[in-house]
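Here the structure comes first, spelled out in structure tokens, and everything after it is commentary.
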Amino acid sequence: MPQPGDCEIHVWDIDLDAVSDGAAVLSHDERMRAARFRFDVHRARFVAGRAALRTILASYVGLAPAEIAFEYNRFGKPELAGGTRLRFNASHSSGRQLIAIACGREVGVDLERVRADFAFEDIVRRFFPPEERAAVSDAESFFSTWTRREAFLKATGQGLSGLRTAVPPSWTVANLDAGEGWAAAIAVKGGECRVIRRVFSI
């Protein structure tokens, strides 16, 4: 798989419930994490998500999925071991996962199922800056704004406290079309990039 160009982001869309069992490619730590899930559906989706991530990353760097190794920055954000320029981020919600791949740029992605009955008002008051509070009037606008914020936080590795921080001008944050009933966004360090969508299946 050719790596993204300097002004490209690859976004992979995965139906976690359609991924065949990928436990064989997981690390020991990942299998231990999977075993701690109480419900089978959550365990299966975790395994599918990690297997998909490993398979996709392996296709870019020329390794077998089981050979992919991760290291973590000071915020706990995973990176590929070995000093590669490839950057990635993943987000999952309700059996669906998005994985964003960039080269030489930090990248973050967020995906949320839009819930019309979600009580968002307190979150908006506590964490959104004034200019964003005024733009949130219903669940759809909330999740649209929330995913942009989350994508940036995931790209930088910050916690919820970063929700109050304005996105620096050196970053580009934009919503993605994820289909009816979904909200998604991507954040990338630097100027705008062309988003190339891909669908994953194994």
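Just so you know, these numbers come straight off a predicted model, no measurement behind them.
Side-chain atoms of Arg105 come within 3.5 Å of backbone atoms of Gly191 as a donor-acceptor pair (strictly under, hydrogens ignored). A donor-acceptor pair under 3.5 Å is formed between the side chain of Arg133 and the backbone N or O of Phe128. In this structure, the side chain of Arg31 engages the main chain of Leu26 through a donor-acceptor pair within 3.5 Å. In this structure, the side chain of Ser59 does not engage the main chain of Met1 through any donor-acceptor pair within 3.5 Å. Checked by atom type and distance alone, the side chain of Glu67 pairs as donor or acceptor with a backbone atom of Ala64 at under 3.5 Å. Side-chain atoms of Asp110 do not come within 3.5 Å of backbone N or O of Glu150 as any donor-acceptor pair. Arg87 contributes a side-chain N or O that, together with a main-chain N or O of Thr84, makes up a donor-acceptor pair within less than 3.5 Å. Judged by distance alone, the side chain of Thr147 and the main-chain N or O of Ala183 form no donor-acceptor pair under 3.5 Å.
With contacts defined as side-chain heavy-atom distances shorter than 4.5 Å, the pair Ser94/Trp182 qualifies. Under the 4.5 Å side-chain criterion, counting only non-hydrogen atoms from C-beta, Leu80 is in contact with Leu57. A 4.5 Å side-chain heavy-atom check between Arg113 and Ser93 finds at least one atom pair inside the cut-off. In this structure the side chain of Ile68 never reaches within 4.5 angstrom of the side chain of Val25, judged on heavy atoms. Between Arg33 and Phe46, some side-chain heavy-atom pair lies under the 4.5 Å cut-off. For the pair Trp12 and Ile101, the minimum side-chain heavy-atom distance is below 4.5 Å. Looking only at side-chain heavy atoms (C-beta outward), Arg85 and Gln3 stay at 4.5 Å or farther from each other.
A donor-acceptor contact under 3.5 angstrom links the side chains of Arg148 and Ser144, judged on distance only.
Heavy atoms only, all atoms of each residue included: Cys193 and Ile9 are closest at CB-CG1, 3.7 Å. Nearest heavy atoms, Leu63 versus Ala58: O-CB, 3.0 Å. Across all their heavy atoms, Ser91 and Leu111 have their closest contact at OG-N, 2.9 Å. Nearest approach of Asn89 to Lys154, heavy atoms of both residues: OD1-CE, 3.2 Å. The shortest heavy-atom contact between Ala178 and Ala184 is CB-CB, 3.8 Å. For the residue pair Ala102 and Pro4, the shortest heavy atom distance occurs at CA-CG, 4.1 Å.
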Run the side chain to side chain contact (heavy atoms under 4.5 Å, CB included) test on Ile123 and Trp146 for me, step by step, so that the C-alpha distance in whole Å, both residues' side-chain angles and the decisive distance to 0.1 Å come before the verdict. CA-CA 10 Å; Ile123 294 175; Trp146 176 264; 3.6 Å; yes
Would Val199 and Asp15 count as a side chain to side chain contact (heavy atoms under 4.5 Å, CB included) if you check the C-alpha gap in whole Å, the side-chain angles of each, and the deciding distance to 0.1 Å? CA-CA 9 Å; Val199 177; Asp15 179 354; over 6 Å; no
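By the rule that hydrophobic residues join a cluster once side-chain heavy atoms approach within less than 4.5 Å of another member, Val11 and Phe88 end up as members of separate clusters. A single hydrophobic cluster is seen to contain both Phe200 and Leu53, as judged by linkage of ILVMFWY side chains at heavy-atom distances under 4.5 Å, directly or through other members. Using a 4.5 Å cut-off between side-chain heavy atoms of Ile, Leu, Val, Met, Phe, Trp and Tyr, with links allowed through other members, Val107 and Leu86 fall into different hydrophobic clusters. Hydrophobic clustering, with ILVMFWY side chains joined whenever heavy atoms are under 4.5 angstrom apart, groups Phe143 together with Phe120. Transitive grouping of hydrophobic side chains (ILVMFWY, heavy atoms separated by less than 4.5 Å) brings Val19 and Ile99 into a common cluster.
We find the CD-CD1 distance between Glu8 and Ile196 to be 3.5 Å, quoted to the nearest 0.5 Å. Distance check, rounded to the nearest 0.5 Å: CD1 of Ile186 to CG of Leu98 gives 9.0 Å. Atom NE2 of His42 sits about 7.0 Å away from atom CZ of Phe39, to the nearest 0.5 Å. The CD atom of Glu79 sits 11.5 Å away from the CZ atom of Phe70 when rounded to the nearest 0.5 Å.
For Arg45 and Asp17, the salt-bridge test passes: some basic side-chain N is under 4.0 Å from an acidic carboxylate O. A salt bridge is defined here as a Lys NZ or Arg NE, NH1 or NH2 lying under 4.0 Å from an Asp or Glu carboxylate O, and Glu106 with Lys189 fails to meet this definition. Between Arg54 and Glu30, at least one side-chain nitrogen of the basic residue sits less than 4.0 Å from a carboxylate oxygen of the acidic one, meeting the salt-bridge criterion. In summary, Asp13 and Arg96 engage in a salt bridge, as defined by a charged side-chain N under 4.0 Å from a carboxylate O.
Counted within 6.0 Å of CD on Glu192, heavy atoms from surrounding residues, nucleotides or ligands total 12 or fewer; the atom is thus considered open. Within a 6.0 Å sphere centred on CD of Glu140, other residues, nucleotides and ligands contribute 12 heavy atoms or fewer. Enclosure of atom CG in Asp6 is not indicated, since only 12 or fewer non-hydrogen atoms of other residues, nucleotides or ligands lie within 6.0 angstrom.
Ring geometry, Tyr60 versus His10: the interplanar angle falls from 30° to 60°, so the pair is classed tilted.
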